[in-house]
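To keep things clear, I will list the structure first and then write my remarks on it.
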Amino acid sequence: MSKVTVIDHPLVQHKLSLLRDKDTGSKAFRELVNELALLMGYEVTKNLPLVEKTIDTPMQPATVHVLANEKIAVVPILRAGLGMADGIMNLIPNAKLGHIGLYRNPDTLMPTSYYCKLPSDIEERETIIVDPMLATGNSAIEAVNVVKKAGSKSIRLVCLIAAPEGIYAMQKAHNDVDIYVASIDEKLNDHGYIVPGLGDAGDRLFGTK
Ligand code: URA
C-alpha cells in the first residue's frame, strides 16, 4: 500500500491556516501556495536515494553524497497545480516541468486529458505530480494514468489538502504512488468540495471569482 504523509511542520501548518482564511486575497494566496509547495517539497524529496561520489575540495579529496537520480519531473495538473509548480521548481531548479490539463467529460463525468506535454525522457525521471486539492481523487488518478502511460515508474503526488475519499480512491487505483499532504480534512460536501477546505483553489489563486 502506498504511503500517506501528512506534513505537520509548524510553518506548513501556519501557512495552511492563513491560506484557508476566506479573507486571504489572491496575491497572498498565491504567495502562500508557492511557499507551501517549497516547504512540502523538502519533505517530499527526503527519501530520494543518494550515492557516494569522490570529489576534490580545495583541501583534499572527499567522499560526498549526491542524488542517485538527478532527473526529476514536476507535473502540475492544470490549472490549480500551476500555483505549486514554482515552489517545487525553486527547490529543484534542474527538474523538468510537464503539464497535464484535464476536463470533466459531460457524459461520463470522468476527467479526460485535453492537454499533455511531459519531458520526453519521463520514464527515467522521478515524477512529482502537484495539485492543491485531492477531492474525489478522479483528476489525480487520471493524471497518474497519463504519466504511467508515458513510462513514468516512480511517482509521488503532492496536495495541500485531501479529503479522506480522495486518498482512498487514489490508493485503490494506484497503490504504488506515495501521497504527501498538509492536511486530511473532514470530508467532501455534496458538490465535491473539501470541507472545511479552502474553497476553489483555482479561483482563489487566479482571482477568477
Ligand atoms: N477543488 C477545489 O479547488 N476545492 C475543493 O474543495 C475541491 C476541489
Side-chain angles (χ1 to χ4, degrees), residues 4-7 12-41 44 74-88 98-106 108-116 128-147 155-174 177 179-209:
V4 180
T5 304
V6 179
I7 301 172
V12 169
Q13 292 305 314
H14 182 80
K15 287 176 194 293
L16 181 66
S17 303
L18 297 175
L19 197 68
R20 289 182 188 274
D21 192 320
K22 68 176 175 36
D23 293 328
T24 298
S26 264
K27 178 174 180 286
F29 194 92
R30 272 195 303 277
E31 288 165 359
L32 286 164
V33 170
N34 187 56
E35 290 161 9
L36 277 160
L38 187 144
L39 290 169
M40 292 176 75
V44 171
V74 176
V75 182
I77 303 176
L78 304 181
R79 90 188 138 137
L82 285 177
M84 295 176 72
D86 276 355
I88 302 235
H99 294 90
I100 294 178
L102 301 169
Y103 78 99
R104 195 195 276 221
N105 181 314
T108 63
L109 299 182
M110 291 310 283
T112 309
S113 166
Y114 68 83
Y115 183 80
C116 176
I128 303 174
I129 297 176
V130 294
D131 196 7
M133 310 301 275
L134 182 61
T136 59
N138 290 340
S139 298
I141 290 169
E142 182 55 19
V144 173
N145 288 338
V146 170
V147 294
I155 304 165
R156 294 164 172 78
L157 173 68
V158 191
C159 304
L160 302 181
I161 300 179
E165 295 90 332
I167 297 217
Y168 176 77
M170 186 69 199
Q171 287 192 308
K172 200 162 157 224
H174 295 290
V177 174
I179 304 170
Y180 297 82
V181 296
S183 173
I184 301 175
D185 276 13
E186 193 187 325
K187 60 175 182 184
L188 287 181
N189 71 11
D190 293 342
H191 304 287
Y193 278 83
I194 301 174
V195 286
L198 50 71
D200 190 299
D203 282 340
R204 294 196 63 187
L205 269 169
F206 301 113
T208 41
K209 208 169 184 183

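Both counts, for ligands and for their atoms, begin at 1 and track the order of listing.
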Q.
Walk me through whether V12 and L36 qualify under side chain to side chain contact (heavy atoms under 4.5 Å, CB included).
A. CA-CA 6 Å; V12 169; L36 277 160; 3.7 Å; yes

Q.
With rounding to the nearest 0.5 angstrom, report the CD1 to CD1 distance, I161 to I184.
A.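 Between atom CD1 of I161 and atom CD1 of I184 there are 11.5 Å.
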
Q) Rounded to the nearest 0.5 Å, what separation is found between the CD1 atom of I194 and the CD atom of E165? A)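 I194 CD1 to E165 CD: 8.5 Å, rounded to 0.5 Å.
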
Q: Would you please name every residue forming a side chain to side chain donor-acceptor pair (under 3.5 Å) with Y193, sequence neighbours left out?
A: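 Here the qualifying residues are D200.
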
Among protein heavy atoms, which lies nearest [atom], and at what distance?
{"atom": "atom 5 (C) of ligand 1", "answer": "Y193 CD2, 3.4 Å"}
{"atom": "atom 6 (O) of ligand 1", "answer": "I194 N, 2.8 Å"}
{"atom": "atom 3 (O) of ligand 1", "answer": "A201 N, 2.7 Å"}

Q: Ignoring hydrogens, just give me the one of G197, G199, A135 whose non-hydrogen atom is nearest atom 4 (N) of ligand 1.
A: G199

(Q) Testing the 3.5 Å rule here: is there a donor-acceptor pair between the side chains of N34 and E31? (A)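 Looking only at side-chain atoms, E31 and N34 do not form any donor-acceptor pair under 3.5 Å.
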
**Q.** Atoms in ligand 1 with a heavy atom of G192 nearer than 4.0 Å
**A.** 7 (C)

